[in-house]
Number of protein chains: 2
Amino acid sequence: MTEPSEARERVLQAAAKLFSARGYNAVTVKDIASEAGIHHASLYHHAPNGKEGLFVEVTARTLTQHRDGIAAAVAQYNPDLRRQLSAIAAWLIDQPPLDMIRLIYSDLPAVKPDSAEYLTLLAFESMLVPVAQVLEEASVRGEIAHHDLGSIAGALFSSIESLHTLPDAYLTRPRQAMAEDIIDVFIAGMTPR
Amino acid sequence: MTEPSEARERVLQAAAKLFSARGYNAVTVKDIASEAGIHHASLYHHAPNGKEGLFVEVTARTLTQHRDGIAAAVAQYNPDLRRQLSAIAAWLIDQPPLDMIRLIYSDLPAVKPDSAEYLTLLAFESMLVPVAQVLEEASVRGEIAHHDLGSIAGALFSSIESLHTLPDAYLTRPRQAMAEDIIDVFIAGMTPR
DNA sequence: GTCTATATAAAGATAGAC
DNA sequence: GTCTATCTTTATATAGAC
């Protein structure tokens, strides 16, 4: 669609950063251009479809990166469930927050229905499905009891993701340490006794 | 500040509903007025501080209602931890989604710093602290092992809240049933063996 | 590829009649 | 308490020079 270039990449990264931090509606085209170090009119040279096209493109890219990051964590520590989940948590904590509720209820209603549907599907396939799969494999190995793994995967994912919420005042320990505690509880809770 | 009246209450409820569903930035004053069945200029009669004042007022009210709803659930089933958590979940599922990440990262940056600080504090005191307290009391009774109960409370809260995210296509069972499963895992995971 | 200038539309808000 | 009319500001987007 548009030529790759160093400047375009700066725009995409600025957009990804700001959209991810504040959501579609709280970010202006000027914010993005300013973050990328160019005039906001210049942005349309790199993003002919404007704000909406930019959002769809960088959100898809962010989701794909999450999918790949999670897949790498899963592959690296296979078949050690605890290490797999810790590595997924480390990845999620290292990335900007990915607020699925905001994405679905606030951001996506502002874009074309086709794009919204595409991103919704991509989000679930990138986040929930891989986590559920890791649990499923551990279940097949007999390490955890059979639960509704979709529900549990969602709970685990949002538990880790919510660590981003904590303002520093409430952050008594490193987020990764909190994540380990949460993972411990989940694993213990699913382990047959 | 402003006289209570049936019309003003309609405005507040419309604002609460829309802000809660889509967030501060995705809702316009016209949306709220339209939902309340009045012209948008009339809205300023009931809300002299405009959109921002309206948001702060209804968000505080929503948070306070959540605090009270959780407190009622806790009191009703004291000292039965599982029933307490189920009742909290039932309350949260029955209410519109309360997205803390969106509130803190997307909505609050748009309001005056004083208001933002006030709402941040109120949010944590209304949601996380009560849930942590229920866990703490169960811990004192010896029913669950000592964990970082702040982390676990946050995980539990966001796990339940994330059930709102699931589009109907992914909703194979009632949300309350999923919540029960999640609560089971949390309790089992914290129970000393 | 970036800028200045400008067009267009939408949003928040106020004044004043009824 | 509600409306019509209007004002001001901001946002998205385009045209065209350099």
Side-chain angles (χ1 to χ4, degrees), chain A residues 1-59 106-113 115-116, chain B residues 1-59 102 106-116:
Chain A
M1 170 177 284
T2 308
E3 298 306 315
S5 77
E6 192 271 328
R8 176 170 153 83
E9 184 56 29
R10 277 211 323 277
V11 170
L12 292 181
Q13 291 201 8
K17 174 180 171 182
L18 294 178
F19 283 139
S20 155
R22 308 207 297 262
Y24 183 76
N25 301 284
V27 171
T28 71
V29 170
K30 279 190 182 175
D31 292 336
I32 297 169
S34 167
E35 174 80 21
I38 58 175
H39 195 268
H40 78 276
S42 311
L43 182 143
Y44 290 87
H45 176 78
H46 305 289
N49 292 108
K51 183 183 178 183
E52 182 176 334
L54 205 44
F55 177 78
V56 173
E57 178 172 0
V58 301
T59 301
S106 300
D107 298 342
L108 293 188
V111 308
K112 281 193 278 290
S115 304
Chain B
M1 168 174 284
T2 308
E3 298 306 315
S5 77
E6 191 270 330
R8 176 169 153 83
E9 183 57 29
R10 276 212 321 279
V11 169
L12 293 180
Q13 292 201 8
K17 173 180 170 182
L18 294 178
F19 283 139
S20 155
R22 308 207 295 261
Y24 184 75
N25 300 286
V27 172
T28 72
V29 170
K30 282 188 182 178
D31 292 336
I32 298 169
S34 167
E35 173 82 21
I38 59 176
H39 196 269
H40 80 275
S42 309
L43 182 143
Y44 290 86
H45 176 80
H46 305 289
N49 293 107
K51 184 184 178 183
E52 182 175 335
L54 204 45
F55 177 78
V56 173
E57 178 173 359
V58 301
T59 301
R102 184 185 68 198
S106 300
D107 299 343
L108 293 188
V111 307
K112 281 195 278 289
D114 284 1
S115 304

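Convention: sequence-line order gives letters A, B, ...; per-chain numbering from 1.
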Find the distance [X]:[atom1] to [N]:[atom2] and express it as a whole number of Å.
{"X": "B/His46", "N": "D/dT2", "atom1": "NE2", "atom2": "C1'", "value": "8 Å"}
{"X": "A/Glu52", "N": "C/dA10", "atom1": "CD", "atom2": "P", "value": "14 Å"}
{"X": "A/Leu54", "N": "D/dA13", "atom1": "CG", "atom2": "C1'", "value": "14 Å"}
{"X": "A/Glu9", "N": "C/dG1", "atom1": "CD", "atom2": "C1'", "value": "16 Å"}
{"X": "A/Asn25", "N": "C/dG12", "atom1": "CG", "atom2": "P", "value": "11 Å"}
{"X": "B/Tyr24", "N": "C/dA11", "atom1": "OH", "atom2": "C1'", "value": "11 Å"}

query: Going from NE2 on A/His40 to NZ on A/Lys30, what distance comes out if it is rounded to the nearest 0.5 angstrom?
result: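 Nearest 0.5 Å value for the NE2-NZ distance: 5.0 Å.
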field: Between CG on residue A/Leu54 and CD1 on residue A/Ile32, distance to nearest 0.5 Å
entry: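 Between A/Leu54 CG and A/Ile32 CD1, I get 5.0 Å after rounding to 0.5 Å.
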message: Parallel, tilted or perpendicular, judged at 30° and 60°: which one describes the rings of A/Phe19 and A/Tyr24?
response: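 A/Phe19 and A/Tyr24: parallel rings.
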Contact residues, residues 28-44 of chain A to DNA chain C [heavy atom, < 4.0 Å]: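 Here the set is A/Ile38, A/His39, A/Ala41, A/Ser42.
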- request: Would you indicate what B/Val11 reaches in the nucleic acid, counting non-hydrogen atoms under 4.0 angstrom: base, sugar-phosphate, or nothing?
  value: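 It contacts nothing in the nucleic acid.
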message: Among B/Asp114, B/Leu108, B/Asp107, exactly one meets side-chain contact (heavy atoms from CB on, under 4.5 Å) together with B/Val111. Which residue is that?
response: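 Exactly one option meets the side-chain contact (heavy atoms from CB on, under 4.5 Å) with B/Val111, and it is B/Leu108.
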message: If only side-chain N and O atoms count, and only distance matters, is there a donor-acceptor pair under 3.5 Å linking A/Asp31 with A/Thr28?
response: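 A/Thr28 vs A/Asp31: donor-acceptor pair found between side chains.
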- prompt: Does A/Arg8 pair with A/Glu57 as a salt bridge, N-O distance under 4.0 Å?
  reply: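 Yes, A/Arg8 and A/Glu57 are salt-bridged.
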task: Taking only the side-chain heavy atoms of B/Lys51 (C-beta and beyond), determine which of C/dG12, C/dG1, D/dT2 contains the nearest atom.
output: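 Ranking C/dG12, C/dG1, D/dT2 by closest atom to the B/Lys51 side chain puts C/dG12 first.
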message: Check this one for me: any side-chain N or O of B/His45 less than 4.0 Å away from OP1 or OP2 of D/dG1?
response: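 Affirmative; the distance criterion is met.
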